[in-house]
Structure formats: C-alpha cells, structure tokens
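FYI, side chains are in, hydrogens and waters are out, and symmetry mates aren't considered; it's all heavy atoms of this structure.
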Amino acid sequence: MDISEYPGDNVMKDLKDQTYLKWTGFYLAPTPYRTDVSWMNKLSTLKAQGWKTLPIYLGKQLGDSNLTFAKGKVDADDAIAKAKSAGFTNGAYIYFDVETGGLLSDEYLQYLGGFFYGLTNEGTYSPGVYCSYKETADQIKANLNWNQRYWVYKKTYTTNPIGGAAPNPSESGVSYATAWQLALDLKTTVAGHSFGKIDFSSSTTRSEE
C-alpha cells in the first residue's frame, strides 16, 4: 500500500494485522515537491508492527528547469541524507517518483541518470524508479544502466484488490518489474478504516531494505 499522508499508528497496525498487506511506501521529505513529513519518524514504529518498507523520493518532474546530471546528483545526496535520517539501513532501494507517463525528454533522462549515479556512487543505498508501465519503463531501461529496480503503475483494479495471492509484477506489461501499483486513488474501507485515496501494489520482494 501507499498513501500520501501517514494515517496514524493505530490505522497502520490494523492494516498489518487484519489484511494481506505486507509492505508500505514510505515518503522521504521534505523536498520541493513534498512538504509533508508525516512518515519521516515512523520507520521504527512500522518495523515493530511487522511492516516492510519502500522509500520514495519525489524530486524534479518533467518540464522543470535545471534538469541536469549534476542536479540529479545533488538530489541523490538529499535523498540519501533523508533516508539515513529516517533510519533506513544499508542496501535499501530508494525509488525516484516519476509522475508523468509516456516518453521522457533527453534532459530528464540526464537528470534521472545523475540521481541513479549519485545513489550508486555513494554506496549506502541502491536506485529504483516508480514510473508508468507504458513506454516510460522501457525508455529508462534502454538509456540508463545503474541496475535500478522498477515499480510500475498500471491502473488495473478499480475496486479493492486485497485478498489471496497478489498478481506477479511481470503481468503489468513490464517483465522486469519487481513491484506493480495496480490500484490507484481508491476510495475504500480497509480493516474498518475509510480512505479517500489509497493505492495498492504487488511485489516480488517483501522489503527494499
């Protein structure tokens, strides 16, 4: 699952104890594109509840200025510092959040390459990317080779998909994806709690740490 604002300790405990959910997205903040820091001091609580976590970094987006390799490295340093502050251990994969689907500009690929390079070169964490399954993932894979993992979004479910075996991410249309966000912005009730917007994903790994 992932949700923009941390829903509270009791809610997270109920979701973990009463559903098939195993892991949650975890937003690193603040960044220029994300001011909410509600997840940042919750890693130890989530681990104690049995959650596995996937850290997400929301950096520059398509159409922004200063989309350079150097700026990508700067933002990688920022992501590393925030992941360390939150308590993520060596080896975690930090997923860069690419919100726009379709083909990316050459400038954006340069920026994203700088981000992947910065993470890889520093050595504490590894690069991942959250992006559209349609064209975007293949374009990134063809142009950037930093052994990054892929969490792709393809809205397949319009109702709550929780229950039983989750579909393999390779069924998303991206054979090399390790995670698939298959339900986006659902208004639903889970474990007795109502959500205006919540996303659900499947994964071949239980943790990115």
Side-chain angles (χ1 to χ4, degrees), residues 1-29 34 36-58 79 82-83 86-89 91-99 125-126 128-133 137 148-209:
M1 61 151 282
D2 66 280
I3 189 170
S4 181
E5 294 182 7
Y6 186 74
D9 295 346
N10 292 337
V11 174
M12 292 302 294
K13 187 175 189 308
D14 288 345
L15 291 175
K16 183 65 182 63
D17 292 346
Q18 299 176 33
T19 75
Y20 288 93
L21 293 169
K22 303 296 184 185
W23 59 271
T24 178
F26 185 106
Y27 286 92
L28 302 174
R34 180 176 175 82
D36 182 272
V37 296
S38 56
W39 288 88
M40 283 297 290
N41 66 345
K42 293 299 181 179
L43 189 59
S44 60
T45 298
L46 293 168
K47 285 184 175 181
Q49 292 178 355
W51 285 101
K52 304 301 180 181
T53 50
L54 188 154
I56 303 164
Y57 185 83
L58 184 56
K82 287 178 169 57
F88 283 96
T89 56
Y93 280 75
I94 297 177
Y95 281 73
F96 188 96
D97 187 341
V98 178
E99 289 287 308
Y125 305 115
S126 296
V129 61
Y130 165 87
C131 65
S132 173
Y133 81 101
Q148 60 271 10
R149 287 183 177 176
Y150 292 82
W151 176 17
V152 299
Y153 59 85
K154 179 184 181 183
K155 185 176 180 179
T156 301
Y157 292 81
T158 57
T159 58
N160 189 336
I162 295 177
N168 192 295
S170 63
E171 297 174 23
S172 66
V174 179
S175 62
Y176 47 87
T178 58
W180 171 17
Q181 190 179 68
L182 42 86
L184 284 71
D185 294 341
L186 291 188
K187 183 178 182 180
T188 188
T189 299
V190 189
H193 299 281
S194 296
F195 298 90
K197 285 185 178 182
I198 189 169
D199 305 333
F200 295 112
S201 299
S202 64
S203 176
T204 55
T205 57
R206 287 188 56 173
S207 176
E208 294 306 323
E209 293 194 76

>> Main chain of Phe88, side chain of Tyr125: is a donor-acceptor contact present, judged purely on distance under 3.5 Å?
In response: yes
>> Tell me if a side-chain donor or acceptor on Trp39 pairs with a main-chain N or O of Ser4 at a distance below 3.5 Å.
In response: yes
> Any chance OH of Tyr176 has more than 12 other-residue heavy atoms, nucleotides or ligands included, within less than 6.0 Å?
Replying inline: yes
> Roughly how far, to the nearest 0.5 Å, is NE2 of His193 from CG of Asn10?
Replying inline: 7.5 Å
> Side chain of Ser203, backbone of Pro169: donor and acceptor closer than 3.5 Å?
Replying inline: no
> With a 4.5 Å limit on heavy-atom distance, are the side chains of Phe195 and Ile3 in contact?
Replying inline: yes
> Any sub-3.5 Å donor-acceptor pair from Glu171's side-chain atoms to Trp180's backbone N or O?
Replying inline: no
> Hey, is the main chain of Tyr57 close enough, under 3.5 Å, to the side chain of Arg34 for a donor-acceptor pair?
Replying inline: no
Name the atoms and distances for all side-chain donor-acceptor pairs under 3.5 Å in residues 156-163, with sequence neighbours left out.
unit_1	atom_1	unit_2	atom_2	d
Thr156	OG1	Lys154	O	3.2
Asn160	OD1	Ile162	N	2.9

>> Keeping Ser201 on the side-chain end and Ala179 on the backbone end, is there a donor-acceptor pair under 3.5 Å?
In response: no
>> Is it the case that the side chain of Tyr153 and the backbone of Glu99 share a donor-acceptor pair, with hydrogens and angles ignored and the cut-off at 3.5 Å?
In response: yes
>> Working to the nearest 0.5 angstrom, can you tell me the gap between Met1 CE and Gln181 CD?
In response: 11.0 Å
>> I'd like to know whether the aromatic ring centres of Trp23 and Trp151 sit less than 6.0 Å apart in this structure.
In response: yes
